[in-house]
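All remarks here apply to the structure that follows.
The chain is numbered in sequence order, starting from 1. Since this is a predicted model, take the numbers as computed values, not measurements. The basis for the numbers below is simple: all heavy atoms, side chains too, and nothing from hydrogens, waters or symmetry mates.
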Amino acid sequence: MKYAIELYFDRETEKILFDLSQRVAEEGISMKFSEWKTRPHLTLACYNDLDEQKCIEQLKQFAQRYNPFPAYIGSIGMFPDTGTIFTSPVMNKNMYRMQAELHDLLKEYDTKGFEWYLPERWAPHCTLALTNEDGENAFYRASNLLLREFRKTCGEFVAIGLVRITCPVKEIFTTELCK
């Protein structure tokens, strides 16, 4: 079983990002990201297996150490090799600290194969489109659409959650940040 720990946005920011991702589907370019039925998020960490109940308790305590903090979404990015198009938040000390501390807290769990989510290798991003199964033209069409419609957004990170990586994604537990 594969799992992810995700950082979630406030409702308004989440809606803006969700609506952007839906535009790709509405235009008939790609449905793949919609099929995952996941809410807009940053993935802080991924694990091959973990003890769900123990992790939930760890996340409850972990979330108590953080207040909601600013999320400034300033750009669009791409992973061309996977056909992924995403928004990129401007990195801030809270994001960096949270991700590093989370990995330290959950170090007993296996991260092999998820090296790009480890501290000092993390590329924080919020996926908007997954076009790798839709042909080369879909990547360029989705990129063009998202580049035209994207606007810089200021919001907040307000919650953290544990999900099972399946299609669709299964939210197991979410808790608000509330120091």
| note | The salt bridge (Lys or Arg N to Asp or Glu O under 4.0 Å) partners of Asp81 (sequence neighbours excluded) come to none
Tell me whether [X] shares a hydrophobic cluster with [Y], the cluster being built from Ile, Leu, Val, Met, Phe, Trp, Tyr side chains joined at under 4.5 Å.
{"X": "Leu44", "Y": "Leu118", "answer": "no"}
{"X": "Met98", "Y": "Tyr96", "answer": "yes"}
{"X": "Tyr8", "Y": "Leu59", "answer": "no"}
{"X": "Leu7", "Y": "Met91", "answer": "yes"}

Smallest separation among heavy atoms of [X] and [Y], with atom names:
{"X": "Arg65", "Y": "Arg97", "value": "O-NH2, 4.2 Å"}
{"X": "Thr84", "Y": "Phe139", "value": "O-CE1, 4.2 Å"}
{"X": "Leu102", "Y": "Tyr47", "value": "O-OH, 4.2 Å"}
{"X": "Ile85", "Y": "Ala142", "value": "CD1-CB, 3.6 Å"}
{"X": "Cys46", "Y": "Ala4", "value": "SG-CB, 4.1 Å"}
{"X": "Leu17", "Y": "Cys126", "value": "CD1-SG, 4.0 Å"}

| said: Under a 4.0 Å threshold between the charged nitrogen and the carboxylate oxygen, would Glu12 count as salt-bridged to Lys15? | reply: no
| Glu57 bridged to Lys60 by N-O distance under 4.0 Å |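 Between Lys60 and Glu57 there is a salt bridge, with a charged N closer than 4.0 Å to a carboxylate O.
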| task | State whether a side-chain donor-acceptor pair under 3.5 Å links Thr13 with Asp10. | result | yes
Does [X] reach the side chain of [Y], with side-chain heavy atoms less than 4.5 Å apart?
{"X": "Leu147", "Y": "Met78", "value": "yes"}
{"X": "Leu128", "Y": "Ile76", "value": "yes"}
{"X": "Leu42", "Y": "Met95", "value": "yes"}
{"X": "Lys54", "Y": "Tyr109", "value": "yes"}
{"X": "Thr131", "Y": "Tyr140", "value": "no"}
{"X": "Thr38", "Y": "Glu6", "value": "yes"}
{"X": "Glu35", "Y": "Glu133", "value": "no"}

Nearest 0.5 angstrom please: [X] [atom1] to [Y] [atom2], how far?
{"X": "Leu50", "Y": "Ile5", "atom1": "CG", "atom2": "CD1", "result": "6.5 Å"}
{"X": "Asp19", "Y": "Glu14", "atom1": "CG", "atom2": "CD", "result": "10.5 Å"}
{"X": "Leu130", "Y": "Ser34", "atom1": "CG", "atom2": "OG", "result": "9.5 Å"}
{"X": "Asp51", "Y": "Ile56", "atom1": "CG", "atom2": "CD1", "result": "9.0 Å"}
{"X": "Asn137", "Y": "Asn144", "atom1": "CG", "atom2": "CG", "result": "10.5 Å"}

| message | Listing request: all side-chain hydrogen bond (donor to acceptor under 3.5 Å, both in side chains) pairs with a residue in residues 115-124, at least two apart in sequence or in separate chains. | response |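 Not a single pair qualifies under side-chain hydrogen bond (donor to acceptor under 3.5 Å, both in side chains).
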| said: Once side-chain hydrogen bond (donor to acceptor under 3.5 Å, both in side chains) is applied, what residue pairs with a partner in residues 146-163 remain, sequence neighbours excluded? | reply: Arg23-Glu149
| Does any N or O in the side chain of Ser88 come within less than 3.5 Å of the main-chain N or O of Ser75, such that one atom is a donor and the other an acceptor? |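 Checking the backbone N and O of Ser75 against the side chain of Ser88, no donor-acceptor pair under 3.5 Å is found.
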| task | Any pair with a residue in residues 15-46 that passes ring pair (Phe, Tyr, Trp, His ring centres under 6.0 Å), sequence neighbours left out, goes on the list, sorted by first then second residue, please. | result |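 Every pair satisfying ring pair (Phe, Tyr, Trp, His ring centres under 6.0 Å) with a residue in residues 15-46: there are none.
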Kindly list each side-chain donor-acceptor pair under 3.5 angstrom involving residues 160-178, sequence neighbours excluded, with atom names and distances?
unit_1 : atom_1 : unit_2 : atom_2 : d
Arg164 : NH2    : Glu52  : OE1    : 3.4
Arg164 : NH2    : Glu52  : OE2    : 2.5
Thr166 : OG1    : Pro168 : O      : 2.5
Glu171 : OE1    : Thr174 : OG1    : 3.1

| field | Member of Tyr66, Tyr72, Phe9 meeting the ring pair (Phe, Tyr, Trp, His ring centres under 6.0 Å) criterion with Phe157 | value | Phe9
| Under the ring pair (Phe, Tyr, Trp, His ring centres under 6.0 Å) test, which residues partner Phe79, sequence neighbours left out? |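 Result, ring pair (Phe, Tyr, Trp, His ring centres under 6.0 Å) vs Phe79: Phe86, His125.
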